[in-house]
Amino acid sequence: MEILHIKETSRTPEIILNPQKHSVEINGKFFPENIKDFLDPIVAWLGEYKKTNSKTLDVVCNIDYLSSSSVIYLKQIFLKLAEIQSNNTTVTIHWNFEEDDDDIKKTGEFYMKNLGLNFQFKVRD
Amino acid sequence: MDTSSSNLQEEKIFTNKVNQIKEHYSGADQKVMVAHIGAIEQDMVNTLASFVENQLLNLGTPKNAVKRIFNIVIEALQNICIHGEKNSDGNPFTYFIIGRDGNVFTIYSCNIVKNSNAIKLNERLTNLKSLNDGNLKQLYMDVLSNGELSQKGGAGLGFITIALKSNNNIDFAFDKLNDSISLFTLQSRVSA
């Protein structure tokens with residue numbers, strides 16, 4: 001599998017999907033014109049990654065902002081991660097947020113509770 | 001009325017709305033911070049939102065209030081881009097204005113909606129406005145749990161987000177332009 005590196009724009013975050021390092025990195029803001037068009041290639045990549053039956057997958061999220069449609073559609077990413085987890089891969093989501101950012105924190109808590117994923121919460125420096 | 005005079009009448013209703021807002025901000029402490037009157041396209045969302053964010057930070061507005069206003073701005077602009085209709089002249093009758101009255105910031109937006117959608121939207125917003133903070137948060141979670149994107153890319157969370165971020169200080173109106181369309185105006189207030 002190839003590395004997929006999506007560069008940051010003013011409305012979308014940087015995303016790095018690295019099959020060699022078994023890692024996913026998400027850094028930045030989400031308020032794209034069309035969240036589905038933006039996230040579907042990432043959902044597809046994760047679908048392919050699942051077939052590699054890796055032992056671990058580390059997902060590091062440094063998200064600054066999520067528009068309402070992005071919050072909803074992000075579920076597709078977490079559903080895919082839950083599928084990968086059910087395939088005996090240990091998935092850990094490092095959910096980093098700014099100290100006073102309740103919205104981002106609660107979004108992580110919501111997906112942790114609802115999809116049974118392993119989240120590690122940390123206040124960002 | 002023929003088409004041209006009815007369209008003039010529509011334009012008058014729209015212009016009156018804009019003037020009412022401008023008149024409100026004529027005192028020393030009352031300023032219009034941003035006023036965009038005319039079409040709003042997707043590629044302008046970031047420019048407008050970043051401009052507002054920088055203006056607020058320059059004023060020394062607390063970060064928490066800047067964030068809340070930024071949230072409302074994004075949702076209001078996305079609503080216009082996704083759901084705004086046009087009249088028979090192709091005019092979208094859209095505006096986006098932020099007024100400042102001391103430490104109270106009011107975000108005004110306007111677009112055309114079909115009358116057939118106005119009824120449902122009015123019911124939804126009337127219901128939202130009646131909810132307390134706990135009920136609003138519960139509704140947000142319910143929609144997040146069950147929500148799917150519509151074909152237009154809306155999620156049903158936009159107005160709930162605006163209500164939450166303004167502590168439910170929202171007002172809205174529907175002014176009928178003709179038998180098929182109405183002007184939908186929305187305002188929300190954030191105290192910094």
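All figures in this text were calculated on a predicted structure; none of them were measured in a lab. Lettering of chains follows the sequences in order, A, B, ..., and the numbering in each one begins at 1.
Cluster annotation: Phe121(A) is connected to Leu117(A) through the hydrophobic network of ILVMFWY side chains, with a link wherever side-chain heavy atoms come within less than 4.5 Å. Ile170(B) and Leu136(B) fall within the same hydrophobic cluster, where Ile, Leu, Val, Met, Phe, Trp and Tyr residues are linked whenever their side-chain heavy atoms come under 4.5 Å apart, directly or through other members. Note on Phe159(B): it clusters hydrophobically with Leu164(B), by side-chain heavy-atom contacts below 4.5 Å among ILVMFWY residues. Tracing side-chain contacts under 4.5 Å through hydrophobic residues (I, L, V, M, F, W, Y), one reaches Tyr73(A) starting from Leu157(B); they form part of the same cluster. Residues Val60(A) and Val43(A) fall into different hydrophobic clusters, defined by Ile, Leu, Val, Met, Phe, Trp and Tyr side chains chained together at heavy-atom separations under 4.5 Å.
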Test side chain to side chain contact (heavy atoms under 4.5 Å, CB included) on Glu33(A) and Glu41(B) and set out the steps. CA-CA 10 Å; Glu33(A) 179 175 346; Glu41(B) 306 294 342; over 6 Å; no

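For chain B, no part of Asp37(A) is nearby; none of its heavy atoms comes within less than 4.5 Å. For chain B, no part of Asp102(A) is nearby; none of its heavy atoms comes within less than 4.5 Å. Both the backbone and the side chain of Phe31(A) come within contact range of chain B, judged by heavy atoms closer than 4.5 Å.
Without hydrogens or angle criteria, Glu75(B) side chain to Ser68(A) main chain gives a donor-acceptor distance under 3.5 Å. Judged by distance alone, the side chain of Lys75(A) and the main-chain N or O of Ser145(B) form a donor-acceptor pair under 3.5 Å.
Atom CD1 of residue Ile74(B) and atom NZ of residue Lys29(A) lie 8.0 Å apart, to the nearest 0.5 angstrom. If you take OG on Ser10(A) and CG on Asn46(B), they are separated by 3.5 Å, rounding to the nearest 0.5 Å. Interatomic distance, Tyr140(B) OH to Lys106(A) NZ, rounded to the nearest 0.5 Å: 10.0 Å.
Considering all non-hydrogen atoms of both residues, Val71(A) and Leu144(B) come closest at CG1-CD1, 3.1 Å. Between Asp100(A) and Lys63(B), the shortest heavy-atom distance links the atoms OD2-CD, 4.4 Å.
By number of non-hydrogen pairs under 4.5 angstrom with chain A, the leading residue of Val45(B), Asn71(B), Ile160(B), Thr161(B) is Asn71(B). In terms of heavy-atom pairs under 4.5 angstrom with chain B, the leader among Asp103(A), Thr107(A), Asn114(A) is Asp103(A).
Heavy-atom contacts from other residues, nucleotides or ligands closer than 6.0 Å to CG of Asn146(B) number more than 12. Heavy atoms from other residues, nucleotides or ligands lying under 6.0 Å from CD of Gln20(A) number more than 12. With a 6.0 Å radius and a threshold of 12 heavy atoms from other residues, nucleotides or ligands, Lys105(A) has its NZ atom at or below the threshold.
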